[in-house]
Amino acid sequence: MILFRTKAELARFAAETKRSGKVIGLVPTMGYLHAGHMSLVDTARSRADVVIVTLFVNPTQFGPTEDLDRYPRDFERDKKMCEEHNVDVLFAPDANEMYASDSSTWIEELDLANPLCGASRPAFYRGVTTVVGKLFHLAQPDFACFGLKDAQQCFVIERMVRDLDFQVEIVPCPLVRDEDGLALSSRNRYLSAEERQRALSIHQALLAGRKELEEKGFAALDEICRKAIDSITAAGGRVDYVEGLDRATMKAPTADSREILLAAAVFFGTTRLIDNELVQVK
Ligand code: AMP
């Protein structure tokens, strides 16, 4: 595995790889890798000649009061995991390398990014789309893998690619959970044993919501979300949102909706966790 720290090295490598006609698969991450990330890497490995993983805790997607400084990092462990999964290139720049100090240009998606995490974290998606756009320019991937753990993020990036004509296929990958149902996340590291146990209520509430949504349809959505909020709150969570939106529009579902994203963001202690279920409706 080759490690690059600079954009120039990555760009040169990508240009040469493209010239030789090889397929490049990209997996952007913020590191502190777990089995969820590695499932994306394995998907990329199965389809690409060259797999590039990026490891960058992107400051522009964190708000001023958020956890940028304490975001978990373990470079040596991440590097070992990438080697074990046959990654070809690990790109791990620092923030000064990634952004000019007077950087003043953004990529902003202004529709799908508005609700849910976009409403709670105003600068978040602008930071995500900007850094992903930069990574696409540098790595020139044929495809890039994104996890449905962050379903809204995946849909925002699909829209960005469509609207700005990036020649990159977006490959959505299934959400990976721990055995007890908790969605894997680098931020699970912050949870005490008791908070982690209580946090199982998120998945349980969303599963109950899925069942009811499948049975009753979108007309029952308000009641379904209310129940989910009540049960998560009873387990000690501070709910940021539980909402069901049309997957295609990220707006309130209508009779035409085919798939509903039932999504939750919840604080346990100071840790904000997100989870979701994608539900087919009749
Ligand atoms: P992050 O490092 O949290 O920014 O995540 C990097 C990529 O891994 C994103 O595309 C995430 O959606 C994906 N990812 C993170 N956790 C999971 C998970 N539990 N299951 C599937 N994909 C995940």
Side-chain angles (χ1 to χ4, degrees), residues 25-45 51-63 66-68 70-75 77-79 81-82 85 87 90-93 95 98 112-113 116-118 121 123-136 139 141 143-161 168-191 196 199-200 202-203 206 247 261 263-265 271-278:
L26 180 72
V27 182
T29 82
M30 298 206 300
Y32 210 71
L33 302 176
H34 51 65
H37 296 114
M38 300 330 282
S39 74
L40 273 55
V41 170
D42 293 344
T43 298
R45 185 69 281 168
V51 174
I52 303 177
V53 171
T54 68
L55 200 161
F56 180 58
V57 182
N58 175 34
T60 65
Q61 70 191 65
F62 286 78
E66 293 179 350
D67 58 344
L68 172 64
R70 67 175 191 129
Y71 195 83
R73 292 165 169 88
D74 190 340
F75 177 73
R77 184 168 151 276
D78 289 348
K79 185 164 156 254
M81 286 172 79
C82 287
H85 285 252
V87 169
L90 181 61
F91 177 53
M98 208 51 199
L112 306 181
L116 307 180
C117 287
R121 306 181 65 190
F124 175 63
Y125 283 119
R126 182 178 87 155
V128 169
T129 43
T130 300
V131 81
V132 169
K134 284 160 71 74
L135 292 172
F136 284 178
F143 69 89
C145 296
F146 288 88
L148 288 169
K149 156 80 168 27
D150 303 273
Q152 185 184 20
Q153 168 175 282
C154 191
F155 306 154
V156 166
I157 288 170
E158 284 175 338
R159 177 64 65 88
M160 171 190 93
V161 162
V168 180
E169 179 194 352
I170 300 305
V171 179
C173 299
L175 194 166
V176 179
R177 299 182 179 282
D178 228 330
E179 277 169 17
D180 56 11
L182 188 68
L184 291 180
S185 164
S186 307
R187 290 189 168 98
N188 292 350
R189 157 82 204 258
Y190 300 145
L191 298 169
R196 196 186 180 293
L200 300 180
I202 306 172
H203 179 50
L206 291 178
R247 177 248 189 268
L261 175 68
T271 307
R272 184 175 179 279
L273 302 175
I274 60 169
D275 198 348
N276 71 78
E277 291 286 323
L278 270 168

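Note that the structure is a prediction, hence the values are computed from the model and not measured. Excluded from the calculations below are hydrogen atoms, water molecules and symmetry mates; all remaining heavy atoms, backbone and side chain alike, are included. Whatever order the structure lists them in is the order used to number ligands and atoms, beginning at 1.
Of all the heavy atoms of Leu40, the ones lying under 4.0 Å from any atom of ligand 1 belong exclusively to the side chain. With a 4.0 Å heavy-atom cut-off, ligand 1 is reached by no atom of Ser185. Residue-level proximity to ligand 1 for His34 is carried by the side chain, the only part with a heavy atom below 4.0 angstrom.
Contact atoms of ligand 1 toward Pro174: 20 (N), 21 (C) (distance under 4.0 Å to a heavy atom of the residue). Residue Leu175 approaches ligand 1 through these ligand atoms, each under 4.0 Å from one of its heavy atoms: 20 (N), 21 (C). Interface atoms of ligand 1 facing Pro28, defined by a heavy-atom separation under 4.0 Å, are 6 (C), 7 (C). Below 4.0 Å from some heavy atom of Phe146 lie the following atoms of ligand 1, by number and element: 10 (O). Atoms of ligand 1 lying under 4.0 Å from at least one heavy atom of Leu184, given by number and element, are 16 (N), 17 (C), 18 (C), 19 (N). Near Gly147, with a cut-off below 4.0 Å to any heavy atom, the atoms of ligand 1 are 9 (C), 10 (O), 11 (C), 12 (O), 13 (C), 22 (N).
Protein heavy atom nearest atom 20 (N) of ligand 1, with residue, atom name and distance: Val176 N, 2.8 Å. The protein non-hydrogen atom at the shortest distance from atom 23 (C) of ligand 1 is Lys149 CB, 3.8 Å. For atom 4 (O) of ligand 1, the closest non-hydrogen atom on the protein side is Met30 CG, 3.6 Å. With respect to atom 5 (O) of ligand 1, the closest heavy atom belonging to the protein is His37 NE2, 3.5 Å. Closest to atom 14 (N) of ligand 1, if we only count protein heavy atoms, is Asp150 OD2, 4.2 Å.
Salt bridge present: Asp178 and Arg196 bring a charged side-chain N and a carboxylate O closer than 4.0 Å. In this structure, Arg187 does not pair ionically with Glu66, as no charged nitrogen and carboxylate oxygen lie closer than 4.0 Å. Comment: Arg177 engages Asp275 in a salt bridge, judged by a side-chain N to carboxylate O separation of less than 4.0 angstrom.
Considering all non-hydrogen atoms of both residues, Ser39 and Gly36 come closest at OG-O, 2.7 Å. The two residues Ser185 and Lys149 come nearest to each other via the heavy atoms CB-NZ, 3.8 Å.
Pro93 pairs by the side-chain contact (heavy atoms from CB on, under 4.5 Å) definition with Phe56, Phe91, Glu97, Met98, not counting sequence neighbours. Qualifying side-chain contact (heavy atoms from CB on, under 4.5 Å) partners for Ala139, counting only residues two or more places apart in sequence or in other chains: Leu10, Leu26, Ile52, Pro141.
No donor-acceptor pair closer than 3.5 Å links the side chain of Thr130 to the backbone N or O of Gly127. Put simply, the side chain of Asp67 never gets that close to the backbone of Thr271: no donor and acceptor are under 3.5 Å apart.
Geometrically, Arg77 engages Tyr32 in a cation-pi contact defined by less than 6.0 Å to the ring centre and at most 45° from the axis.
Distances shorter than 4.0 angstrom do not occur between any heavy atom of Cys154 and any atom of ligand 1.
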